[in-house]
Amino acid sequence: AGFSMRIGYAFYTGASTRQHDVEMYYNDLLLTYENGGQGHFAYTAYIFEHWALPNEIKWQFYHPPLWHALCALFMKVYSFFERETDLATLYNACMILSSYVACITLYACKKLIFEIIPNYKGRAISLLLISFHSQFFIMAGWMNNEQLALMFTILSIYFAIRYHKSNSWVNIVMCAISIGCGMMSKISAATIALPVGIIFIYDLVRNIKEKKTLSTLAQFGVFLLIC
């Protein structure tokens, strides 16, 4: 049901409807970079048309480019298969990508909940809240970088907790990739490094007592290198 609400809302909502900082139209004028656009749409359209980043930092252009590059790539693929050239239509097609990211986020939340909440009742209440809270499924229809940053933030916490339980290389590498991709989506995603760092400090102290210092420091070194 949570997946259906996200997909349904995204397909019901156009890329220019109830958006946040997208700035797609002004008096029926498509606000590309060349037309003075400075929002997420202009950012994505510029990458799509030039396969490069804008040369100047305006309004939303300060954001890291991961989300906008993924949208531009999706537009290229969609254009190839559908033989579509209209920029607005291609950008609206990215709602498929947005809803997909929202569904992955919900699944990641489910995995995280099962890691930290042991009882069935607590899991059920948490899943219901996240599945049907308006903010979470509304973000499925947002054509900005918020949803992708949230997805990687949730994954960062999930893999950090998994690492805390097993100290495995896979989990610490995936945690590093998630934090790195989160910061490539939105700078504020870097704030998740603080709680993750607290978990790692606790693990370091515990492993020093268990005489596992070298292996733990090696893992932390790889983590910092990836991030």
Check the angle between the aromatic planes of F220 and Y163 and answer parallel, tilted or perpendicular using the 30° and 60° thresholds.
tilted
Side-chain heavy-atom pair T216, D203 within 4.5 angstrom cut-off
no
Go through W142 and H40 one step at a time and tell me if the side-chain contact (heavy atoms from CB on, under 4.5 Å) criterion holds.
CA-CA 10 Å; W142 278 3; H40 290 286; over 6 Å; no
Here's one to test your reading of the geometry: is the NZ or CZ of R83 within 45 degrees of the ring axis of F80 and under 6.0 Å from its centre?
yes
Candidate pair S98 and Q147, rule side chain to side chain donor-acceptor pair (under 3.5 Å), full reasoning:
CA-CA 8 Å; S98 179; Q147 186 66 56; over 6 Å; no
Gap between atom CD1 of I47 and atom NZ of K76 - 0.5 Å precision
11.5 Å
Counting C-beta onward and ignoring hydrogens, is there a side-chain heavy-atom pair between Y158 and I113 closer than 4.5 Å?
no
Think R123 forms a cation-pi with F114, using NZ or CZ under 6.0 Å from the six-ring centre and within 45 degrees of its axis?
yes
Hydrophobic clustering (ILVMFWY, side-chain heavy atoms < 4.5 Å, transitive) - are F152 and L224 grouped together?
yes
Determine the minimum heavy-atom distance between I172 and F223, stating which atoms define it.
O-CD1, 3.6 Å
Could you go step by step and tell me if N167 and R206 meet the side-chain contact (heavy atoms from CB on, under 4.5 Å) rule?
CA-CA 11 Å; N167 282 172; R206 181 188 63 186; 3.2 Å; yes
Looking at every non-hydrogen atom in both residues, tell me the closest pair between L87 and A45 and how far apart they are.
CD2-CB, 3.9 Å
Exercise: identify the closest heavy-atom pair between N145 and S185
ND2-O, 2.9 Å
Begin from the C-alpha positions of R6 and Y100 and carry the test side-chain contact (heavy atoms from CB on, under 4.5 Å) through to its verdict.
CA-CA 9 Å; R6 283 155 175 77; Y100 178 75; over 6 Å; no
Between I192 and I201, is there a shared hydrophobic cluster once you connect ILVMFWY residues whose side-chain heavy atoms come closer than 4.5 Å?
no
Distance-minimising heavy-atom pair for G122 and N119
N-OD1, 2.6 Å
Taking the six-membered ring for Trp, are the ring centroids of Y46 and F61 within less than 6.0 Å of each other?
no
If you measure from OG1 on T153 to CG on L112, what distance do you get to the nearest 0.5 Å?
11.5 Å
Backbone of H63 reached by a side-chain donor or acceptor of K186 within 3.5 Å:
no
Working note: Y43 + N144, criterion side-chain contact (heavy atoms from CB on, under 4.5 Å); need CA distance, chi angles, decisive distance, verdict.
CA-CA 10 Å; Y43 194 173; N144 57 23; over 6 Å; no
Nearest heavy atoms of C175 and S156, plus distance in Å:
SG-O, 3.5 Å
Could you tell me the separation between the OG atom of S215 and the CG atom of N207, rounded to the nearest 0.5 Å?
6.5 Å
Got more than 12 heavy atoms from elsewhere within 6.0 Å of CZ, F132?
yes
Linking I/L/V/M/F/W/Y whenever any side-chain heavy atoms sit under 4.5 Å apart, do L217 and I226 land together?
yes
Would you call M174 and N171 a side-chain contact if the rule is heavy atoms closer than 4.5 Å?
no
When rounded to the nearest 0.5 angstrom, what is the spacing between CG in L70 and OG1 in T44?
10.0 Å
Is it true that V170 and I179 fall in one hydrophobic cluster, defined by side-chain heavy atoms closer than 4.5 Å?
yes
Which value, rounded to the nearest 0.5 Å, describes the distance between C71 atom SG and L66 atom CG?
9.5 Å
Distance-minimising heavy-atom pair for I154 and C109:
CG2-N, 3.9 Å
Measure the shortest side-chain to side-chain distance between E115 and R162 over non-hydrogen atoms and say whether it is less than 4.5 angstrom.
yes
Under 4.5 Å between any side-chain heavy atoms of P64 and M183, yes or no?
no
Should I198 and I208 be counted in the same cluster of Ile, Leu, Val, Met, Phe, Trp and Tyr side chains packed under 4.5 Å apart?
no
If I take atom CD1 from residue I157 and atom OG from residue S178, how far apart are they, to the nearest 0.5 angstrom?
10.5 Å
When you compare the side chain of I177 with that of F159, does any pair of heavy atoms fall below 4.5 Å?
no
Student check: side-chain heavy atoms of K111 and L155 closer than 4.5 Å
no
Any non-hydrogen side-chain atom of H164 less than 4.5 Å from a side-chain atom of Y202?
yes
